[in-house]
Structure formats: structure tokens, C-alpha cells
Amino acid sequence: MFSTEQSCWFVRKVICWRAAASIAWAVLLLPPITAVFIILSRFSFLHPIHTISECLSLLTSASAIFSFILLCGVILMVGFLNLEYYTVIPTIACSKIALLGQLLHPRQFVSSVVHCIMGIIVAWCCAITIGGRYETLGYPCIQSDGSPQMCLNEYQLILLLAGAFVGFSHSLLGVIHNMNYVSFHTVQQYKYLRFKGSLPLVVKCSAIQALYSIRNYIVVYFFLGYIPRAWICKTLNLHLTSSAHPLDSIAGLLDLSLFYHLWISATFLLFTWYITLLLFRIFVTEVYSFPVQSSFTEDAHQCLPKVLLTDKQPMILKFLALQDLALLSQHSPSRRCEVFSLSQPGGHPHNWNAISGECLSLLADLTQRLVAYHDTVATNGRAKSLSTGSERKTSSETSVTSGTEDLMSPRPTLLMKTPASVFARSIVGGPQSPLTAPFTPDLDSPFASPALRRLTAPVEQCSPWHGTVQSPHIMRRAPKLWSTSTDSQVNGSFPPSPASVPSPKQEASKPSLLAQFLQNRKEQLPEASSQALFADSQAHIWALEGLSYLVQASFSEDHFGVVQTALPSILSCMLVLQEAVDRHFKLPHASSKPVRSTSSIGDSTYKTLRFALRATLKTAIYRITTTFGDHLNAVQMSAEHRKRLQQFLEYKE
Amino acid sequence: MCSLALFPPPLPSGQTTLCESNNELLSGTSTEDRPKQESSPLSLYFPRESLKLHSRTESSSKAAFLDHSETLWMRSAAAWRDGGLTGLLTEITNSHTEVPKWLSVSSGCTLALLRWISSFHGSLFPHLTLSSEDMIAEFSQVLNWSDCVVRAFSWHPHTDKFAVALLDDSIKIYNPKSATTPTLKHRLQRSVAAVQWKPLCASALAVACQNCLLVWHVDPCSLSTRPSSGCAQVLSHPGHSPVTSIAWSPSGSLLVSASPVDTAVMVWDVAAESCVPLQRLGGGGVTFLSWSPDGSHVLASTPSTLFRVWETRMWTCERWPCVKGRCQSGCWSPDGSRLLFTVQGETVIYALTFTDAQVLKQSFEVFVLYLSASGDELIMLDLSASVGGEIQSLSWDPRGERLAVLLKGDPQAVDRPAIIAVFKTRTNPIFELLPCGFVQGEPGAEPRLMQFHPNFQHGALLTVCWSTGRITHVPFYFLSTGVPHFGLSGSPLLPRLQERPSAFANQSLFTELIS
């Protein structure tokens, strides 16, 4: 999956084992879940003892064991899909068109088909365990003319199709709610406690989701149920009995027992899948402790500074490394000591330089992204001449850019490698990826035909670069800003086809009716572009926390004065980012809170990442100012920054 | 066992404690005698009459209107909205003339069953039968909360501003450097039990309300005196009300909240408005939270005879059963290594010592009896008033040199008012408690609430809210022994340090034994 040998060690040694452990636990949990399902599905109030003895005999029967093996296979498949499709940076569709594109993507199509098939398998197992009228697909019957033949048992058919429908809707909702997004928690807990804590939520979510899915399914079956029924009859050479009610009638669907069985089967299906997903999330986001420095050279690439600096790597490795950095800077004095230490021959603070440099370049990259986005939005996405573009610049804007320049001058090498180091996809994606939209993360090239893609290209107003280049700043920055995520590059399975990206300049001149229609659809999710901008901000949050805690600790722990040399650049970097974030939050929709949805298993943490980043940034600056106090007056910085820092020293921000 | 008998006697009536200087508490007859210090922050007075109170609760306003007959459906819907399932059942049972007989009978039976179950549950945890106002009053750190003009008070951890929550459910923010006094009001801000400023932040103020948590963002540069309710974030979780205690982590990243009806402690990520419930069975709720100043532990007390100490790295907890009553109050030493707490029904301060912050299990020593102010050791004063009783709350100054103890007194006996006893404390090299004196206010004023200023330059500053609605500040001028002085203000403090050990040696109340 990953091209280079060197970065593979983490996936090989850690991620795969974590995924395997999560799948193993999910398989181990399957017997009790199945037992509960059997009891719930067959329970009758009139004969409770009889039900229980029947359940016990069923549990030991051969068919139960066979269906249990099938269910294990399904869990393995779900776990494998989780591993294959997970992402730590959510894919946020900036518009409904982009969302549609994601849904129609071939990769997504494969996933939907697989989910459908797995849904049918689970539903078949459910049918076997519930038994009774659901047990077989065909049964012998006597037709009106008296000849014996096989008839279709519609009860099993409706259950199997329900499984397929629920599986399909699960995979669609997975895209809409970003169910493959794995978020990291601020509150660290042991795996068992975390699992126990989220179990009620999973039960609730699967029951509610199953209810909705079954409701939709019944409506669909009422209108379209005759199509699969006729098809099955034809292929399997079964007949329809004239005596029984067809189920796609109102009378047939008003069967409470049927509805209960459909619902409980769908709940069982969703619950097992959600449990697998939950366990995967819990295992994969567990804290991994990287050594700060190693005494053996062959392990050197596994050390924290090296891991942070490596370019070609899975994003999860970078995220776990940053999380470990944030935790070590906060809790572990001995490991902090290693960060502040000097190299043995030579006496260079290599560890600190690597860590602080990488954190700063992450933050500087975010600053540039915000400035670029703000420039685009401030001009409302219209193409502007160079002169008006420069007129529009306010004084604060110049200060921001000059601040960025300040930063650039001491460490040009760091900024040169920013795009590569932060977002690995520009390397994997090759030279064509910089021309796809930066803030619409639909790099997956959802539109199969190049013609359709050309139509959509000019209207990607979420992206600042299409015919709207206003100032030389942005012109220069442009290639660096290709940064919003897609999982296809992170997981690397489907690189976009090189032929599909047209040149934006020539397209801009000929908008068509369809393009205008698409443009209208485009502007429907205004908040999403802001979310997309901060999609990977968990990394920035950890970088800020790690840096600020390290600087705070350096006040008493840094014996060699290693941190002092970087203090001006850290402060100016944070202040510039603070200004950029403040300006971003003045935009419309940026500060509107997303609606909280509690009845979905999808993680919506990414929707509030920008607020978390803003709060963390302020806290980080305050942490440094309260620790150093008036000593900061001795730090060299520009007048603008000093003024801003003074605000923090007086607690007026 | 040592007692309050070693304390200097309380002041005669009419005298007010002004400050501590040269190792003794100075007093005067009225506030005008107070030496005018440039550093003393503003004293405030909120007369009860000036507050516009809610004379009537919302439910009682029904009586003012004529009875209006609605259809059964409307009434049922309204009952469901207002009172939930029990409300609906009550409504159906009461309107037995309109509904079929089987329905009213069955709902009556269900209601009886529900009541029986809840009374059974309530007999396990008696506090669950209280109304939410009574519950806040019962578990609040404020003495006699329901009758208190100042219901909550909080100093900003870094600057000289503070927030005051008043009886009329408004919060005022006072800043000596600014002329504006923002007043915070919100529709959901009712029965404020606690307020606390977010550390490492200039603007965020968390408020524990009856139904939710509010986090106000009050821009310190803003000139507005009535910030809109849009400045407040509402954090709520079903089943987590009333909130009686909140605590910010010292790093400012997390907020924990507790409710006596919810067995889970909520850990909030305020910016993301998400919460992680830390559920543990037993105890029947959580009443009081206190985060240690070094951020490593959180004390969480429950309404039953049990409290927990959470470790904040992986959020595991240690159960500590008490013998007699619930844990009423607690406070941490500045380095987070010692926890002092009091138990309801006892007149004793207990201490827990965490010798190794990393390993919770091995880190405790046995309970040590530090102070007794029990009834048989009451000291008799010349005014035939006696001092002592149960302890309402504890407060330790941020340098770990003064410990203020708010004694409840006895509301039935006239001659035993609530009073604040102050101890001198030392944590290094061994733990010591020495008597300092009593803090008293004007005649007739009882202390209700107290808090130390988080960074007072010249020693410690105790802010006391009195029953009359007055807020005063009692400075304790002393030189810090424990905190090393960085560069700027170091040496001139030394000469007076020399004379202290001998003074301490004579009247040591308690000295820890090192075994």
C-alpha cells in the first residue's frame, strides 16, 4: 500500500497488529451478541421456559455453527474494509456536487457492493436463527391444478433484501457522515474503559439507525418489491403461491411480527459492524510511545524527531507522533530532558531542532493556507486585476504577509519543504495534483468522464486558484497550498488519472448552462469550506500543545539554553497564526456552530476542530507569556508582534 | 489531637479583622479604620434590597389565570412536555372522567409502581428526593446558599478581576483597571452554584447552573456592559443537572462538572462542546470537584460516604470510603502532593499525602488527625460565645502558607456563629499547622463564602463574602518561605525570616511525624 520500504515499518509492525487485535476482539464478542440476538428474536411471553430451552438447542445445532462461521467471515471483511478505508483527515465535501461525486466514486461503489453482499449474508444467518417462516427460500406447495412444485417463500426474501438494503445504506451514510474518519480523543482512557463508555451509544445508534433504514426499506419494497421477487422466481424457477398474500401490499407489510424481525435483524447487523468499527477506532488511536533518541543506529528511523520529519509516510504515523509529542511535553520530565539534550559528539541540539522545526513548519503552513483562503474569499472569488487586488490589502494583511516573510528568512529550508513534509500526497499524486482544487477535497476525480470534469473545473470556487489569482503573493504560494486531504492519496490506492485535469485558464472563458447550474449547487455548503480548511487541524493542535509545553518546561529544565534560540521564531509563528485565525473567524459562516448529532456513530469531531484550534492557540500563547512574564521583553521581535504580545501579557486578548 | 483552644481568642463584638501583619491579626472597629493600601482591591456591597428577585416561580404563575379547559390531547401533550412520563401518567389518572376506565386504572397503577421504585431508589440515596434548589443548597460550598446574596465568587487566576454571582441570577465582573462592569444574564442562568475562570485565558468564565453549564466569553477590551447571550456557550448533557461543582484543569484544556443526580463526572472539551462521561457506579452522584494545582489529580466527592481521587493521565480513580459522612470539602496543596478534606458530621480535617504522583496505589499514608474543634473542647469567650463546629469549606492559599477554614457554627444556638479560622501552614520539609487567628466581620455578618486571591504579591489575600451582601478582602502580609524568588525581588526579604522559627516552635499546633 505504501511505496517506500522505510515508512512501512510502522504500518507493518503497529497498525496491522492493532487492526488484527481489534478484529479479534470483535470476533470474540460475536458469540454473546448472537446469543442475545437469538433470545430477543425468538422470545415469546407465553412460553418463556420453552423459548430458552429452544434457544439453547439452537445454539448447539450445526446450522448455528455454520452461520456463526459465516458471521465471523463478515466481521473479518468489515475489519479489513475499516483498515483499508480509514482516514485521520476527513474528506469534506464542499458542495453537494462533490458529495455526489464521492458517492459515485468507483472505490465507494466497490465498498457499497461488498456491504450489500455482506448484508445479505448476515440477513441469511438471521433468517436461519429466527427460523419458522423465514427458514428457507423455497417450499413445496400444490398449485391450483394439483401438481406439486416449489414456491417462493417471500418472508425470507424480504429479510435478505432488507440485509442488502441496510448494508447499502450503511455504506452510503458512511460517506455522508464520514464514518471512516478516525478521531483522536483529548481525554486519554484505557481501551476497556473507553469501550465500555461508548457501548450504550453504539446500542442506541444501531437501534435508531436500523429503525430508519427499515422504514425506508419498507417504503421501497412497497413500490419496487415486485422486481426482485419476479427476478428471483425466474432465475430459481420458483412459483408464487396464489393463496398467500404478497408482501408488497399494505396488508402484507402491516405485520408487526415481520416488522419486529426486520428491525431486530437490522439492529444486529449494524451493531456487529459498529462494534467492529468502534474497536478499530479505539485500537488504532491508542497512544504509541516513540523513543526520543535511540542508541542503535538501525532503530534511528523510529525515533520521534525522524518520524516527524519523514516525508513519505502514512498520516496516522505523523498524527501518532505528534500526539506522543504533546503527551511527553506535558507529562514526562525524563523524555523532555532527552528533547533538550545535546548530541554527544558536536553538542548540537538535533532533537529539539528537528521537533521544533517540524512543528513550526506545520503552523506556518496553516497560516499560509488561511491567508490564501482569506484573500480569495475577501475578493468574493471574482477574477481581479493585480492593482485592485493590492488595493484591497489592509494594513493587517500586510502585517501578516510580512510576518510570514519574517519567518521565512531565518529558515528557508524548512518552508521549502513544507508541502512535501506536511501533506505527503503531493508527492504520491505526482505533478498533476497541484492543479486540482485545494479546498474541495474531491481529488478522487469522482467524475469518470473527462468532459464532465472539465465542466465542473471552472466553477470550483472553493479553490482560490482557478482564474482568481490576485496578487503575486498567492501566485508564489500556490504550489505549496495543495493541502487539503483525500484518503486516496493517503492510502494510495487510486491515484487520479493524469488525463483528467484540464488547464483552468482556458476553461474559465466558456461557462455553460450546466456549469452555472453546478455553480449554484456549489454554494450550498458554505461552512464546509471552513471545515475543510481545518480538516487536519488535530496535527496543528498537538504541535501547538507540544511546543508550548516544551517552552514552558524549558524555563526550569533546559540547562543548555537550547529553546531560547528558537523562542523568537516560535512566538512570531504563533502570533502570525493567531492573527490569521482571528481574521478567518470574522468571515461569515466560520464561527457558526455545527449542529450536534447524537444519534450517529459517525465522528463529527472534525466539524469543531477550528474552534479547538483557536482555543488551543490562545492557551499556548498564554502558557508561554505567563511562564516567562516580563522576561519576554528581552526577546527580539518586530514592533507589531511586541504590541500583540503585550496584549497577552496584560491579559487582554 | 489539638484543638482551637490554642488560637488567640475571637474578637469582641464590633471589632472587624482587617489584616495580618507582623505575624498577628489586626482588628479595627469599622471598615473606615482600614489602612489604605494601594494594593487592596475594591470592596463591594450588595444590599439585599437592591436586587430584583424573582418573586414567583414559573409554575406558580398558573394561579393568576383563570382555569381554561383544554382537550385531553392538548393537556396530555403539555403534561408530556412539562413533566415527562410521570406528568403524562398523572394527567391521565386525574382526568378519569374523560378517558376509558382501563386506561386511567392502568396509568394509575403504573404511576404507583414508578413512585414505589423511585422511593426505593430514594431510600438508597436520600438526596435524590430533594428538589434541585435544595440539592444545590445542600451540596454547595457556600454556607446557607439559598439565602445568600452572593452565591458564587471567583478570582481570575492571573489578573485582578473577579466574577460575582448574585441572588438574582446575574453575574457581575469587576476589574479595577476598567470602568465597565459587565453584567451577564442568560435565560438558562438560574441557581448559579459555582463560577470559575478558565486558566490561561483572559475571557472564558464557566458557570454551573441549574440545568446546564454556561461558558461565557467576556472580551476584556469590550466596553459593553451587557454582553449578549450569544457570548455564552451552553453545555448540557441529559441527566446532568443540577450542576453543583465545576473545575477547570490548570492547563486550561478541560473542564469537569458534577451533578448530585448523575454518577458520571463529565469531562468537557469546551471548544468542541463535546464531553466524555466518566462513569463509576456507587455513591449516587458527584457533589464536589477540586482539581489539584499541578493538574495531576481531581477530587470528586459523592453524596454517600465515599469519595474518589481521579488521576488525570489515564482517568482512573481510587475509591476512598469515609466512615461517618460524606466528604464535604477539600483542597490541595500547591504542589498537588497533599489533599486536605473534611467529612460531614465530624469536626476534623483529614489529610492524604501523595508521595509519588505517578503511582496512585502506593502513594497514600494513613489518615492523620490534624485538627479538632469538637463540642467538648469549645473554648468559652468572655462574651459567652463559643467557637467551633462542623466545617463547611476549606481554602488553601496558592503559596501553601495559609489555610482558611469556614466553620458552620450552630444556627440554633445564638452564641455560636459561623466563623473563619485561619491556620499558618508549611509543607516543607515537614507538614505543619500553626494557629493564626479568626477572621470576623461586622456585627451580625456571617461569612458565607471565601476564596484566596490566586496571585497576591505580598502574601495571601482572603476574600470573604458575608451574609449582609458585603465582600471584603483580608490581606495576610508575610514573606514566603517556600517559593524561591526569581531574580527580581529576592534578597531584602531575608532578615525577618530569621525570627520566625522560634515563634513557630512555641505554639505548634500540629507537626507531622516522620517515621
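In what follows, every heavy atom counts, from backbone to side chain, and hydrogens, waters and symmetry copies are set aside.
Interface residue A/Thr626: only side-chain heavy atoms are found under 4.5 Å from chain B. Heavy-atom distances place no part of A/Ile621 under 4.5 Å from chain B, backbone and side chain included. Using a 4.5 Å cut-off between heavy atoms, A/Tyr549 contacts chain B through its side chain alone, with no backbone atom that close. The contact between B/Lys198 and chain A is made entirely by side chain atoms (from C-beta outward), counting heavy-atom distances below 4.5 Å. Residue contact with chain A, scored on non-hydrogen atoms closer than 4.5 Å, involves the side chain of B/Gln233 exclusively. Interface remark: B/Thr312 contributes no atoms to any contact with chain A (heavy atom separation under 4.5 Å).
Counting heavy-atom pairs closer than 4.5 Å to chain A, the top-ranked of the candidates B/Pro199, B/Cys201, B/Gly252 is B/Cys201.
Relative orientation of the B/Trp310 and B/Trp315 rings is tilted, given thresholds of 30° and 60° on the angle between their planes. A perpendicular orientation is assigned to the rings of A/Phe319 and A/Trp542, their planes being inclined by more than 60° (bins at 30° and 60°). A tilted orientation is assigned to the rings of A/Phe555 and A/His631, their planes being inclined by 30° to 60°.
Salt bridge annotation for A/Asp582-A/Lys618: absent, with no cationic side-chain nitrogen under 4.0 angstrom from a carboxylate oxygen. The residues A/Glu527 and A/Arg610 are annotated as salt-bridged, a charged nitrogen and a carboxylate oxygen being separated by less than 4.0 angstrom. Ion pairing of A/Lys652 with A/Glu650 is present here, as a side-chain N (NZ or NE/NH1/NH2) and a carboxylate O approach within less than 4.0 Å.
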